[in-house]
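Working notes, beginning with the structure itself.
Every chain is numbered from 1, with letters handed out A, B, ... down the list of sequences. Quick note: numbers below take in every heavy atom, side chains included, and nothing from hydrogens, waters or symmetry partners.
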2 protein chains.
Amino acid sequence: MKTETRKQQIIQTSAILFKERGYSAVTMRDIAKAMGIKAASLYNHIASKQEILSDIIISLAEEFTEGIQCIVNLDESSIFKIKQIVHLHVQITLNNQFGMASLNNDWMHLEGKLDYYLTLRKNYETVFRQIIDMGISRNELVKGNSEVMLFSLLSTLRSLYIWLPKKEELDVDEFSSELSSVLINGINK
Amino acid sequence: MKTETRKQQIIQTSAILFKERGYSAVTMRDIAKAMGIKAASLYNHIASKQEILSDIIISLAEEFTEGIQCIVNLDESSIFKIKQIVHLHVQITLNNQFGMASLNNDWMHLEGKLDYYLTLRKNYETVFRQIIDMGISRNELVKGNSEVMLFSLLSTLRSLYIWLPKKEELDVDEFSSELSSVLINGINK
DNA sequence: GTCTATAGCGCGATAGAC
DNA sequence: GTCTATCGCGCTATAGAC
């Protein structure tokens, strides 16, 4: 339909503002002003402010879910799978720098789709945990607290949206493997 | 003064709500209701909603600044200093679980003290970077991208407030050294 | 130190003209 | 598809009684 591109413009503009100040602090008037139109005009393309947030977050959450499902089914070592997960996060974050802020910080403001989001997120963490546990039992990863490993890896990957924009002329594959190296091998000489 | 404890109750209650929904989504009526009083009564103890946020964030930021200043001046290896930084984050986060959410997510809503906060944060990151760079030049850390190391360490440490509350009967020193091990030595066998 | 009442403003969203 | 005008409501903060 014709309004689809305009709707995408609204969502993209909103994501930029949501990253700067958070969903609750951004008004429909702010979004409209950033697009050079009046707030009332937004409602020809979207049903509500809530729908904007929902579109941003759910599409990203589904992208991560699909990505990790592919990775977990590979017939590869856990180290390889973790490197693929790092690459997945770098890739999605580079393509959705602004939306990632909402995914991380504003999911609790979802109304209709909160339960769905929580299911996706829980599933993602469960699959990631399985990959780590498999690595430990196969002797590919150190015997340690797998919860601490999961926490450390996920915290770093979920914060990429803050750091990646600061890097100019970033080589995706190079950065991805540098980050994998730090996460997997540590920083100790 | 007499109102000091009541003011601290307001700040603590606010921090809990700010962690759940963010500064902008929490109203003075919410805070008052959680304390069993009316919103107008809050203003006998605090000047504005902004003052609550400012108190939460600045006191924590100053605590981190003091902590890392002590650590950087130690005559110890960079590995030891990094372990001390991990311990600093675990300790402060355990004592200020709720406030840490505001420090991480709501600093952009500071008004009067935004510049001061940004100075403290920049200083913290600079000192942390110095410790890492010193470690590399002294051959204590692997030769690699120090920005990636700093990013990875700080992301994990700044996310502790999300994970630590989920751990029951946590042994601080044990968790702290498990986390240090994962961050410093990685997860590779 | 808490209350009721309310000022003054901005919010999300709708109606209807063009 | 955008506009002006506006509804109904909730926001932070203040005034003044008790």
Side-chain angles (χ1 to χ4, degrees), chain A residues 1-58 99 101-102 105-114, chain B residues 1-58 102 105-114:
Chain A
M1 59 189 85
K2 278 182 191 172
T3 60
E4 201 54 26
T5 60
R6 201 83 175 112
K7 180 170 177 175
Q8 285 308 312
Q9 286 174 24
I10 292 171
I11 290 173
Q12 175 63 11
T13 303
S14 301
I16 294 172
L17 298 176
F18 292 170
K19 183 184 177 188
E20 280 174 13
R21 311 204 286 277
Y23 174 74
S24 302
V26 173
T27 71
M28 295 303 280
R29 289 166 173 86
D30 292 333
I31 298 167
K33 194 166 198 174
M35 298 189 65
I37 59 177
K38 296 292 174 183
S41 306
L42 294 170
Y43 291 89
N44 267 288
H45 309 284
I46 48 106
S48 64
K49 188 187 175 188
Q50 178 65 205
E51 190 194 62
I52 301 175
L53 182 69
S54 197
D55 271 27
I56 293 171
I57 292 180
I58 299 299
S102 300
N105 301 322
D106 282 322
W107 56 266
M108 71 286 281
H109 298 118
L110 286 173
E111 288 162 16
K113 295 190 175 166
L114 178 59
Chain B
M1 61 189 82
K2 278 183 191 170
T3 61
E4 200 54 27
T5 59
R6 200 87 175 109
K7 180 171 178 176
Q8 285 308 311
Q9 285 173 22
I10 292 172
I11 290 173
Q12 174 64 13
T13 303
S14 301
I16 294 172
L17 297 176
F18 291 170
K19 183 183 177 188
E20 280 174 13
R21 311 204 287 277
Y23 174 74
S24 302
V26 172
T27 70
M28 296 302 278
R29 289 172 173 91
D30 291 333
I31 298 167
K33 194 167 197 174
M35 297 189 67
I37 60 176
K38 296 291 175 183
S41 306
L42 294 170
Y43 291 89
N44 266 289
H45 308 285
I46 49 107
S48 64
K49 187 185 176 190
Q50 178 63 205
E51 191 194 64
I52 301 175
L53 182 69
S54 197
D55 271 27
I56 293 171
I57 292 180
I58 299 299
S102 300
N105 301 322
D106 283 320
W107 57 267
M108 72 286 282
H109 298 118
L110 286 173
E111 288 162 17
K113 296 192 174 165
L114 177 58

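To the nearest angstrom, P of D:dC3 lies 13 Å from NZ of A:Lys33. Atom CG of A:Leu53 and atom C1' of C:dG12 are 15 Å apart (whole Å).
For A:Ser41, no side-chain nitrogen or oxygen approaches OP1 or OP2 of D:dG1 to under 4.0 Å.
Taking the side chain as every heavy atom from C-beta outward, A:Ile52 and A:Ile31 approach each other to under 4.5 Å. Looking at heavy atoms from C-beta onward, B:Lys49 lies out of side-chain contact with B:His109 at the 4.5 angstrom threshold. With a 4.5 Å cut-off on side-chain heavy atoms, A:Gln50 and A:Tyr23 count as touching.
With sequence neighbours excluded, no residue satisfies salt bridge (Lys or Arg N to Asp or Glu O under 4.0 Å) with B:Asp106. Taking the salt bridge (Lys or Arg N to Asp or Glu O under 4.0 Å) definition, one finds that B:Asp30 meets it with B:Arg21, sequence neighbours left out.
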Next item on the list: If a protein heavy atom is under 4.0 Å from the base, mark B; if only from the sugar-phosphate, S; if neither, -; do that for nucleotides 6-18 of chain D going 5' to 3'.
Entry: -----BBBBB---
